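Structure, as structure tokens:
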2 protein chains.
Amino acid sequence: MATKRLTQKDIARLAGVSQATVSLVLNGSADDTRRIPEQTRVRIQDVIARTGYVADPVARRMVKGRNDILGVFTYEPAFPSAQADFFAPFLFGIEEAAHQCGYDLLLMTAAARGTDGRKKIFDETNRLRLADGCLVLGRNFDREELAQLVEGDFPFVAVGRRDDVGSPVPYVGADYAAATGELVAQAQAHGHRAFAYVGPSEGAESTVDRWRGFSNALQPSALAVHWPEVDSDPQELLQAVRDAGATVAFFTELADAIPFRRLAIAEGLSVPGDMSVVVLGSHLRPGETGTAFTTYAIPREEMGRRATLALVDRLEGRAGLEQTLLSCERVEGETLGPPKTNE
Amino acid sequence: MATKRLTQKDIARLAGVSQATVSLVLNGSADDTRRIPEQTRVRIQDVIARTGYVADPVARRMVKGRNDILGVFTYEPAFPSAQADFFAPFLFGIEEAAHQCGYDLLLMTAAARGTDGRKKIFDETNRLRLADGCLVLGRNFDREELAQLVEGDFPFVAVGRRDDVGSPVPYVGADYAAATGELVAQAQAHGHRAFAYVGPSEGAESTVDRWRGFSNALQPSALAVHWPEVDSDPQELLQAVRDAGATVAFFTELADAIPFRRLAIAEGLSVPGDMSVVVLGSHLRPGETGTAFTTYAIPREEMGRRATLALVDRLEGRAGLEQTLLSCERVEGETLGPPKTNE
DNA sequence: TCCATGCGCTAATACGTATTAGTTATGCGT
DNA sequence: ACGCATAACTAATACGTATTAGCGCATGGA
């Protein structure tokens, strides 16, 4: 029977006590509880068991100010299949850690969009504060919103490095710069002297970090060509790279590397002999592309896990603002090797 | 500066009005709002904008009784990688539909465990009612808990068919029985006359449905062997199937079919010539196993999507209890064919 | 006999918002 | 000058729980 929802008042009436007593039986301190005689306690527990009453978590949260829920905020919808391979690993890690710590997850991917069409955290329908704290996820996090978040009293941790916005932003990220630098060093060790970089050098932090790692590891003269556009015509791109005399191409996007390699081979080049291809962090499952690209693995699950733990530490007063970079494991692959010497 | 959280009272004080007025400006009906002069409204809006105030969703929910959040309850943790391929598609569908309808998702996989070690919905830390309604997910849903849920006034929809528990359970499931029946028919059309069934016939609804579809489509005499154990020794299993003279084996678990086929081939049998193998619904990505098994695809995303829409319909008073079975698309594969005639 | 003590409970309040039923001031008509 | 309508608000309350202060009663000691 879909009757009205039970409240403590109902339980109290049925047990012949006051609402306060019911509440005390449910969550009084040891002191309080001991002051309620066995008999009364049992009577109340009986009614509760019989009726299947459970306390309303909303009311509870109003009073206690917390409810063991972690919000997960993303700009881009996290799940739609196109994004799934990218986001899912973060969520796996987050869920695992949250579960471990006894928290539930509130997924907020549906916030309203502002007049500029961007999703906003601080809008009137914001449900963020239902949670005790939140994790923020997504590549293109709005700077202003982030600043507002930092400014406010709402605890959060970003998954992925974020630049300071006035104050430092707590995060657990991946060390793209170091990982990229290592790949550059490896290519240099193989004897490469002319590099191509395909992908932007500005924008999101992750983009900047890759570029920084790349250019810091390289003597400037070794950069044969920087092709900032993404998803451009492979033909045109390959032409430019060959014209520049580059023997290795670094890609920020796997989606660009795949047709590039295919076309190179179609044009009679050997990979990696004539043209090495390096991808800067992939999110496709190995084997799914048919090619084992040389790259590094972004520890997405671990990032999620660690960010969650950092947030919980903050919530439970065990730690302050944390900024951590996890290292990326190199994936050897088969697309980076010594250049053929045609001299 | 982590100051105290702003409330409407603060805004009211700053704007020189009462809390009620602030609330009216924020969400008064058109009537109410028109009665507040432009000047006052602007003054209040200014303060709100300046301070970045947002209403506390918890308090809001207390009053309004809803907050556009859908709970997703699973017994098994949904994300840990082992389960990921199974659960993720449901969540993709759910998230997509929820997003579309303007709902956020509360993932509850962390509920406490009862004394029997099982997770419970109705325990004292239950956060279910934070949401407006919920979706329940998972193979081994506790009958008693489900009954309690049906009995209560909390709206929910199950993903996957559920038996009645006193009253009917609203669900959106997949029609395993029909899909299984079709595969049996196809095998029969190929000329198979002796069938093996590897997997249980009792337990969760999905298990029962498969078995029902199987045995309904088959004349009883054609069942050469029913091997109810899962994950048993392939050697022993293959022996039993061959001894029984079966020419086709139906598996409820892909994990059983893989070593079975491998062993059969190792022993010189051709698949499907000497031994056909059919899998009853798979959750691995095609190609990942290296073999294209004949099976059917469980429309997991669609199930999630439809269940979510059904729940939202219920919440918004557009529909009542719904019980829907979606059909599963056949995956031809290469492991079912006509048996070699050795006569 | 009277006060102190402890027991077993309850009244009252806070949490932050939405909403309804007013209340005060102002203008208008007569 | 008086009532009456209307504009522009506000006071009060409800939502369901946790928590604190405290009340009435019985008992014990002086």
Side-chain angles (χ1 to χ4, degrees), chain A residues 3-44 48 51 53-68 124-130 132 153-154, chain B residues 3-44 48 51 53-68 124-130 132 153-154:
Chain A
T3 97
K4 193 97 174 31
R5 173 154 167 60
L6 283 171
T7 72
Q8 284 188 354
K9 216 190 294 180
D10 300 318
I11 304 301
R13 194 166 24 73
L14 290 174
V17 294
S18 73
Q19 175 265 324
T21 308
V22 177
S23 179
L24 283 182
V25 167
L26 282 176
N27 21 243
S29 64
D31 267 11
D32 295 331
T33 311
R34 207 168 310 119
R35 301 187 47 166
I36 293 173
E38 188 66 13
Q39 202 194 7
T40 309
R41 208 164 38 199
V42 168
R43 188 154 33 98
I44 296 175
I48 290 177
T51 55
Y53 165 83
V54 284
D56 180 347
V58 180
R60 196 167 230 199
R61 153 90 221 219
M62 269 224 79
V63 177
K64 311 245 304 183
R66 51 172 303 161
N67 53 14
D68 297 339
E124 62 287 348
T125 68
N126 157 46
R127 275 154 284 187
L128 201 55
R129 304 200 90 102
L130 265 175
D132 296 340
D153 59 331
F154 193 67
Chain B
T3 99
K4 192 99 175 36
R5 172 153 170 60
L6 283 172
T7 72
Q8 284 189 355
K9 216 190 295 180
D10 300 320
I11 305 300
R13 194 165 26 74
L14 290 174
V17 294
S18 73
Q19 175 266 324
T21 307
V22 176
S23 179
L24 282 181
V25 167
L26 282 176
N27 18 244
S29 65
D31 267 11
D32 295 332
T33 311
R34 208 170 309 116
R35 304 187 47 163
I36 293 173
E38 187 66 13
Q39 202 194 9
T40 308
R41 209 165 37 200
V42 168
R43 189 155 32 95
I44 295 175
I48 290 177
T51 56
Y53 165 83
V54 284
D56 180 348
V58 179
R60 193 168 237 204
R61 154 90 221 223
M62 270 224 78
V63 178
K64 312 245 301 183
R66 53 172 302 165
N67 53 14
D68 297 337
E124 62 288 349
T125 68
N126 156 47
R127 275 153 283 186
L128 200 56
R129 302 200 92 101
L130 263 175
D132 296 340
D153 59 331
F154 193 68

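Below, all heavy atoms of this structure are taken into account, side chains as well, without hydrogens, waters or symmetry copies. What you see is a predicted model; the values in this text were computed from it and never measured. Chain A is the first sequence line, chain B the second, and so forth, proteins listed ahead of strands; every chain is numbered from 1.
- One finds no side-chain N or O of Ser23(A) lying less than 4.0 angstrom from the OP1 or OP2 phosphate oxygen of dG16(D).
- Rounded to whole Å, the distance from CD1 on Ile36(B) to C1' on dT19(C) is 12 Å.
- Salt-bridge check for Asp10(A) with Arg5(A): failed, with every basic side-chain N at 4.0 Å or more from each acidic carboxylate O.
- For Arg43(A) and dC9(C), the CZ to C1' distance is 11 Å, given to the nearest whole Å.
- Rounded to a whole Å, the CG atom of Leu6(A) is 14 Å from the C1' atom of dT17(D).
- Considering only side-chain N and O atoms, Gln8(B) lies under 4.0 angstrom from the phosphate OP1 or OP2 of dA18(C).
- Side chain of Ala20(B), nearest nucleotide from dT10(D), dT17(D), dT17(C): dT10(D).
- With rounding to whole Å, Asp56(B) atom CG is found 19 Å from dC15(D) atom P.
- With hydrogens and angles ignored, no donor-acceptor pair closer than 3.5 Å exists between the side chain of Gln19(A) and the base of dA11(C).
- Checking side-chain atoms of Arg43(B) against main-chain N and O of Ala15(B) turns up a donor-acceptor pair under 3.5 Å.
- Closest contact between the side chain of Leu24(B) and the listed nucleotides dT10(C), dT20(C), dG16(C) involves dT20(C).
- A distance of 5.0 Å separates CZ in Arg129(A) from CG in Asp153(A), rounded to the nearest 0.5 Å.
- Taking 4.0 angstrom as the limit, Tyr53(A) places a side-chain polar atom (N or O) nearer than this to OP1 or OP2 of dT17(D).
- Here the nucleotide nearest the side chain of Met62(A), chosen from dA18(C), dG16(C), dC9(D), is dG16(C).
- Rounded to an integer number of Å, the gap from CD1 of Ile44(B) to P of dA8(D) is 13 Å.
- For the atom pair Ile36(B) CD1 and Ile44(B) CD1, the distance stands at 6.5 Å (nearest 0.5 Å).
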Checklist entry - Can Leu130(A) and Arg61(B) be said to form a side chain to side chain contact (heavy atoms under 4.5 Å, CB included), step by step? => result CA-CA 10 Å; Leu130(A) 265 175; Arg61(B) 154 90 221 223; 5.6 Å; no
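- For Arg5(A) and dG16(D), the CZ to C1' distance is 9 Å, given to the nearest whole Å.
- For Val63(B), the side-chain atoms get nearest to dG16(C) when compared with the rest of dC15(C), dG16(C), dT20(C).
- A straight line from CZ of Arg129(A) to P of dT17(C) spans 10 Å, rounded to a whole angstrom.
- Residue Val58(A) is classed as having no contact, given no heavy-atom separation below 4.0 Å to the nucleic acid.
- Considering only side-chain N and O atoms, Thr21(A) lies under 4.0 angstrom from the phosphate OP1 or OP2 of dT10(C).
- As rounded to whole Å, 9 Å separates atom P of dT17(C) from atom CG of Asp10(B).
- Side-chain N or O atoms of Arg127(B) include one that pairs as donor or acceptor with a backbone N or O of Asp68(A) at under 3.5 Å.
- The side chain of Lys64(B) approaches dT19(C) more closely than any other nucleotide in the set dG16(C), dT10(C), dT19(C).
- Contact between the side-chain N/O atoms of Arg61(A) and the OP1/OP2 oxygens of dT17(D) is not found at any separation under 4.0 Å.
- Using a 4.0 Å heavy-atom cutoff across all strands shown, Val22(A) reaches no nucleic acid atom at all.
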